[in-house]
Amino acid sequence: MTDPRDPDFPAPPPPAPGGGLAARAMAARPMPYLDGLNPAQRAAVEALDGPVLMLAGAGTGKTRALTARIAHLLVMGKAYPSQILAVTFTNKAAREMKHRIGGLLGETVEGMRWLGTFHAICVKMLRRHAELVGLKSNFTILDTDDQIRLLKQVILAAGMDEKRWPARQLAGLIDGWKNRALAPAQVRGADAAAFGNRGSELYAAYQERLLTLNAVDFGDLLLHMVTILRDHPDVLAEYHRKLRYILVDEYQDTNVAQYLWLRLLAQGHRNVCCVGDDDQSIYGWRGAEVGNILRFEKDFPGAQVIRLEQNYRSGPHILAAASGLISANSGRLGKTLWTAETEGEKVRLIGHWDGDEEARWIGDEIEALARGDRAPGRVGLDGQAILVRASHQMRAFEDRFLTIGLPYRVIGGPRFYERLEIRDAMAYFRLAVSPADDLAFDRIYNTPKRGLGEKARQTIQHIARDAGVSLLDGAALAVQSGAIKGKGAAALRLLVEQLARWHAAVLSGVSHIEIAEAILDESSYTAMWQADPAPEAAGRLENLKELIKALEGFDNLQGFLEHVALIMDNETETDEAKVSIMTLHAAKGLEFPVVFLPGWEDGLFPSQRAMDESGLRGLEEERRLAYVGITRAERLCTITFAGNRRLYGQWQSALPSRFIDELPEDHVEVLTPPGLYGGGYGAAGMAFGRALGNAGDSTLETRAARADAYNSPGWQRMAGAAAKATTRPLSTPREARGLVIDAQAAAAFDTGARVFHQKFGYGTVTGAEGDKLSIHFDKAGDKHVVARFLVAAEDAGDVSF
DNA sequence: TCGCTCTCTGTTTTT
DNA sequence: CAGAGAGCGA
């Protein structure tokens, strides 16, 4: 690290502050990036020295200010590119930043080698100091899948039943501890009691295994670096000297480990600029601490706090609706977003009978907007997005859009590098690069099928452990010694030989693309999928081709594997205009002219589970999520809810989200669908009062019902409970009410009665079973329907369906 | 060892 | 309901 030619720190010593170089730089270089900045943005760009907290509301030009600030640092001669540490959470954000700095300066900035995600930067650092935590610098990075497999082994080795003690749960605990920068010995209190009192013991065993494998998981990247910086002042001092300016994006999302890491690095020169928005903190459930941003001023006394409050994205009603909603949260740093825009659409609100109808209506609206038949004017499919709370909500839209032929794209679905075939192929590549990668060997030794089962696996493992060698070497020994016999032995011998050959090829510098192709071909992996008659096999072969194509962007397999371990995004090819469907979480940082926010029902959004597990804190995070959703919209935002939804195969009814009541009325336009609010639908119908426009009279009942929902156990448990309700006393008021309504409703119809159903139309009652009625519908045929969803046919007239 | 059937369990997700 | 994983029979 002291080598002046160190590629990580290529710059000559820093320029004299304020002196000749800076002056010359200023004279010589224009600062076009300052043009058009508003006063707050400009202040944020120019306050280069000392701690700065930039509170940047949604759509206030945060990225612009951040990138301009970096450009300014460079132009002012404050630092060379290599002396700026700029941290983001996602690779996408890092890429965008790099790209935009280049744009501002009119040249590509090559030297910014400390611009990247927390994880990518930590990898780079950790490779330099790996030995300080007992690793070698070529350690491998395990993804979640590897992590789970390893934990399973650890649990098994501890003599625990992996069924009762699922590895996933332990992974969650360990991740949580690592997020909080806790080493096994520091796990205390309730945490220590977790996992049958053996949580920290297993955590320790897992860490042990990781070191033996020369591997780290994602959490370790931060944890190890915090340990190193904390325990080795010389290393820390080096970074203090070299990294003169620190910038952090999305500061509200940092967890404790990231916070400690930053604080250690920043405490030298205190030139740290954190950018964030406490109102957009939506990752508390995975360890983010809003507290980090809330106490910035305490951590860095004398910090300048700069608020970016002018919003350039959304129309005035959208902004006002979002602001009104978020004002229900407590403990905010407080910002007042405003916009120069005066014209714009109100936020639209509409309720639907069920999830299918919601999907149908949104599909129609999207088409209408694409035709130009709606208020803000024509908006193409690319400009429209549906943001859902939970991914299972996507299904209704996909089904609907497939039937009407509306092109859509799901963002954040199964990622390319997480696919089975890609992971298999990657395991082969990993073994070719590092023959001692036991996890990779474990994955592919019998893929494609080589006639090696559990028994062979154990044999290899024992031999390897006894000899103290890798699984691959153990396999070689097993074949030699005849410990594995029969057709499996021949196949295993071949595999061992092949891997040796591929490894030699890697070492001798054969083109990595050739090697990769040879591996997939000679291992018969490709052949395996070619022979597979399953419909998805073709797609998998396509993916493998794409994998090979992706290799072209790299110099060698090592570089590629390194990249993939940290970068799990899939840039989807996009030529055709499509509607985007994604979760609210995935939408953070994006914007669309038109946004649909479906599923605003209590229990779904806000999520019952978030409230059960985290109480008021959980509710507030849900509210921030709602805020993020609304503020994604530029011109039109539509919120919808459904009275009934199918969840795990069962119909559930729900109340409209409490967030709906929190929207300021003046900025909301209620679209009342014909016929839905005739009343008499029980719980769902009652709470639609607000949407009907008769606010006030229903609020008491609505509030009481909400209180039930808030206090009741989790909604999925309730699904089960409702199913068993006939044999068990009713426990929750909500559950009881639903059944009472059903029972009353069922009793209200006699056999032969004419009824009307929102979806199936007119029909005749043919029988009753408990709370359900058998109906012969004139058009839809025979169905079993919960009585509450029916209206007597003669009443249907008033309701104008 | 393979493949079928049964049982269970279902937010949000980046790296 | 639907996907994953375990368990059992061939």
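Note that this is a predicted model, so its numbers are computed, not measured.
One can place CZ of A/Phe118 at 12 Å from C1' of B/dT15, the figure rounded to the nearest angstrom. Remark: C1' of B/dT12 and NE2 of A/His585 are 4 Å apart, rounded to the nearest angstrom. Between the CZ atom of A/Arg168 and the P atom of B/dT13 there is a distance of 13 Å, given to the nearest Å. Atom pair A/Leu221:CG and B/dT15:P shows a separation of 13 Å (rounding to whole Å applied). Distance, A/Arg609 CZ to B/dT9 C1': 11 Å, rounded to whole Å. In this entry the distance linking NZ of A/Lys92 with P of B/dT15 reads 10 Å, nearest Å. Atom CZ in A/Arg645 sits about 21 Å away from atom P in B/dG10, given to the nearest Å. Whole-Å rounding puts the A/Asp253 CG to B/dT14 P distance at 12 Å.
Looking at heavy-atom distances under 4.0 Å, A/Arg395 makes contact with sugar-phosphate atoms alone, never a base. Among the heavy atoms of the strands, none lies under 4.0 Å from A/Gln393. Residue A/Ser391 is in sugar-phosphate contact alone, with no base atom involved, counting any heavy-atom pair closer than 4.0 Å across all strands shown.
Contact annotation: A/Thr117 side-chain N/O to B/dT14 OP1/OP2 distance is not under 4.0 Å. Note on A/Thr583: every side-chain N or O is 4.0 Å or more away from OP1 and OP2 of B/dT11. When the side-chain nitrogen and oxygen atoms of A/Asn91 are compared with OP1 and OP2 of B/dT15, one or more of them lie within a distance under 4.0 Å.
Judged as a salt bridge (charged side-chain N to carboxylate O under 4.0 Å, His left out), and not counting sequence neighbours, the contacts of A/Arg540 are A/Glu421. For the side-chain contact (heavy atoms from CB on, under 4.5 Å) test, residues two or more places apart in sequence or in another chain that qualify with A/Ala475 are A/Phe441, A/Ile460, A/Leu492, A/Val496. Annotation: side chain to side chain donor-acceptor pair (under 3.5 Å) contacts of A/Glu289 (sequence neighbours excluded): none. For the ring-ring contact (aromatic ring centres under 6.0 Å, His included) test, no residue two or more places apart in sequence or in another chain qualifies with A/Tyr627. For A/Phe139, the ring-ring contact (aromatic ring centres under 6.0 Å, His included) test picks out no residue, with sequence neighbours left out. Residues satisfying the salt bridge (charged side-chain N to carboxylate O under 4.0 Å, His left out) test with A/Asp146, not counting sequence neighbours, are A/Arg423, A/Arg430.
With A/Phe397 as the aromatic partner, A/Arg400 does not meet the cation-pi criteria of under 6.0 angstrom to the ring centre and within 45 degrees of the ring axis.
Protein chain A contacts DNA chain C from C/dC1 to C/dA2, reading 5' to 3' and using non-hydrogen atoms of the protein with a distance under 4.0 Å.
Side-chain atoms of A/Thr90 lie closest to B/dT14 of the nucleotides B/dT11, B/dT12, B/dT14.
In this structure, A/Val87 and A/Thr117 have side chains that are not in contact, with every pair of non-hydrogen atoms separated by 4.5 Å or more.
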Indicate every side-chain donor-acceptor pair of residues 254-262 of chain A with a distance under 3.5 Å to a residue at least two apart or in another chain.
from, atom 1, to, atom 2, distance (Å)
A/Thr254, OG1, A/Tyr251, O, 2.7
A/Thr254, OG1, A/Asn292, ND2, 3.0
A/Asn255, OD1, A/Ala257, N, 3.1
A/Asn255, OD1, A/Gln258, N, 2.8
A/Asn255, ND2, A/Asn179, OD1, 3.2
A/Gln258, OE1, A/Asn255, N, 2.8
A/Tyr259, OH, A/Arg263, NH1, 3.2
A/Tyr259, OH, A/Arg295, NE, 3.2
A/Tyr259, OH, A/Asp299, OD1, 2.9
A/Tyr259, OH, A/Asp299, OD2, 2.4

Detail all sub-3.5 Å separations between protein N/O atoms and N/O atoms belonging to nucleotides 1-8 of chain B.
from, atom 1, to, atom 2, distance (Å)
B/dT1, OP1, A/Gly453, N, 2.2

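Between the side chains of A/Ser657 and A/Glu601, not a single donor N or O lies within less than 3.5 Å of an accepting N or O.
Checked by distance alone, A/Arg389 brings no side-chain donor or acceptor within 3.5 Å of a matching partner on the base of B/dT11.
Evaluation of A/Trp285 against the base of B/dT12 yields a stacking contact (centre distance < 5.5 Å, interplanar angle < 30°).
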